[in-house]
Amino acid sequence: MAPARDVAVVSVAQTAQRRAAAGLSETEMIQPAIRAALDRIDASISDIGFTCSGSSDYLAGQAFSFVMTLDAVGAWPPISESHVEMDGAWALYEAWVKIQAGHADTALVFGYSKASPGDLPRVLTRQLDPYYYGPLWPDSVALAGLQARAMLDAGAITEEEMAAIAFRNRTAAADNPNAQLRGSASVEELLATPYVADPLRRHDCAPITDGGVAVILAADDHARRWSDRPAWIRGIDHRVDSHNLGARDLTRAPSIALAAEKAGATGTFDVAEVHAPFTHQERIVVDELGLAEGTTLNPSGGALAANPVMGAGLLRIAEVADRISAGTAGRGVAHATSGQLLQQNLVCVLEGE
Amino acid sequence: MGQQARADDELLHAPLVIEYGFNRTTGPVVGAFLTGLREQRVLGIRGADGRVVCPPVEYDPTTGEPLTEMVEVGTEGTITSWSWVPGDREGQPIPAPYALALVRLDGADTAMLHVVDAGSPDAVATGDRVRIRWADERSGSITDIACFEPVGGAS
């Protein structure tokens, strides 16, 4: 079903993505990105109809932490806002629905976290069910290792191919001033490094990142007023696979293919940004999306070069939109994931005029 | 971004303990499974397609219909995937190193997440046979299974 209203990304801005934003609160860290996203289109918060953020109380160490972070938007004027305890890409989806429903014409969306203060792989165990998985404290890297092993056993990928994925992403990130890991050792050198969680080596895992990204959406003429070249959202959909890891075929993520189908992500794309925090997961995402040869994949370096939890998915949308608005891409697809082992997936198709 | 980060020695640090102090009822399916573990029995549940899901789920993964037929499965099984956990983290069920693994118990059609006390990554492989090592004191928790251990030591 075609959306009722044309909605576009009209501005994006991100923080520097770095290992630790020491001395900054989440609010202080994300505020400059929100300000920059508004400044790029010469807008103020009073021009925004709806504000929605994605962040994690477990990383902030405080219940309803997003309420504190709203200080970054400003105490005045009063705003209509919401929040998801998910990646900011899902906050963008909520804002998109809000605009489709006619309850707003414009929206500010942001996603962010500071993962540096805690032990991220351990904190992420709290995403799991509390009866069968949670009491085992299975850290996110070891869990991803189960998926990588399943792919290696099935012949769906090799350790060399995994290293090549890390190499390609981090080499691309050399041109991205916001990326955390810019440039890469050779594939041969990467393969000579020890396992951190056999079968995963350090380069197979996304870095731990503090950072965030802000995106402004606008409908119809509002978008045209703010941008000479809006990145129109032609389709967006999100789907979920079972949280029962032992009942899934871990070499696949059918929810990506389903979301892509519902979002109309067929045909060719100039650019694709996919959210794969582990090298082997990029293979799954690309296969499920059915990306054609020749698509420029993760020109930003992707999550393997900078992975602000709760922001890295929204960042994929921002990177595609930025290239469309800059005129270096005509049509692109962005993918975001939330949860463990590609459990939840969102696909967004963006296009210039 | 024009922000001035303070030097680390100027920062104040304090421990923070997060607690969500509420109790949950585990219900007729998860509760039956956990009670079974206390008695050294492992229960799965029969899905709409006849396959046995273990650990059991309340609703069929495909059709969504409520499931009720509990089925006892074995205490030995086969590793379907694994990764190596080299270092200790608070809360882990046994001291590291060990393998995090998916184990399909005999009589079940899906795999259970747990850990295998294998000693070294060279001593564990997909397809290996493992059996449950029960905890001495059991309280109705997934950690009533202390861990899995290799059967016969072969790999």
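Please read these numbers as outputs of a predicted model, since none were measured by experiment. Convention: sequence-line order gives letters A, B, ...; per-chain numbering from 1.
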Using non-hydrogen atoms only, which part of B/Ala101 is less than 4.5 Å away from chain A: side chain, backbone, both, or neither? backbone
Answer yes or no: is there a donor N or O on one side and an acceptor on the other, between the side chain of A/Arg149 and the main chain of B/Trp82, under 3.5 Å? yes
Least distance between heavy atoms, B/Arg89 atom then A/Pro121 atom: NH2-CG, 3.4 Å
Heavy-atom pairs under 4.5 Å with chain A are the metric here; pick the option from B/Pro55, B/Cys54, B/Gly87 that has the most. B/Pro55
Hey, what do you get for CG (A/Leu245) to OG1 (B/Thr110), rounding to the nearest 0.5 Å? 11.0 Å
Pick from B/Val53, B/Val85, B/Thr126 with the largest number of heavy-atom pairs that fall under 4.5 Å of chain A: B/Thr126
Minimal heavy-atom distance between B/Ser81 and A/Ala150, with the atoms involved, is OG-N, 3.5 Å
Side chain / backbone / both / neither for A/Val141 at chain B, heavy atoms under 4.5 Å: neither
Mind checking the CG-CG spacing from A/Leu146 to B/Leu102? Nearest 0.5 Å is all I need. 5.0 Å
What residue, out of A/Ala20, A/Pro130, A/Ala148, has the most heavy-atom pairs lying under 4.5 Å from chain B? A/Pro130
From A/Tyr132 atom OH to B/Phe33 atom CZ, the distance as rounded to the nearest 0.5 Å: 5.5 Å
Spatial distance of atom CG (A/Asn244) from atom CE (B/Met112) [nearest 0.5 Å]: 10.5 Å
Which residue out of B/Gln92, B/His114, B/Arg51, B/Glu90 racks up the most heavy-atom pairs below 4.5 Å with chain A? B/Glu90
Would you find more than 12 non-hydrogen atoms of other residues, nucleotides or ligands less than 6.0 Å from B/Arg104 atom CZ? no
What part of A/Leu200 lies closer than 4.5 angstrom to a heavy atom of chain B: side chain, backbone, both or neither? neither
Does atom CD (B/Glu65) have a neighbourhood of more than 12 heavy atoms from anything else shown, all under 6.0 Å? yes
Supply the atom-to-atom distance B/Thr26 OG1 to A/Tyr131 OH, rounded to the nearest 0.5 angstrom. 6.5 Å
In terms of heavy-atom contacts, does CZ of B/Arg133 have more than 12 from other residues, nucleotides or ligands at under 6.0 Å? yes
Proximity breakdown for B/Leu16 and chain A, heavy-atom pairs closer than 4.5 Å: side chain
From CA spacing to verdict: side chain to side chain contact (heavy atoms under 4.5 Å, CB included), B/Thr80, A/Asp153: CA-CA 10 Å; B/Thr80 63; A/Asp153 286 346; over 6 Å; no
Supply the atom-to-atom distance A/Asp198 CG to B/Ser120 OG, rounded to the nearest 0.5 angstrom. 9.5 Å
Among A/Gly61, A/Gly134, A/Pro199, A/Pro138, the residue with the most heavy-atom pairs under 4.5 Å to chain B is A/Gly61
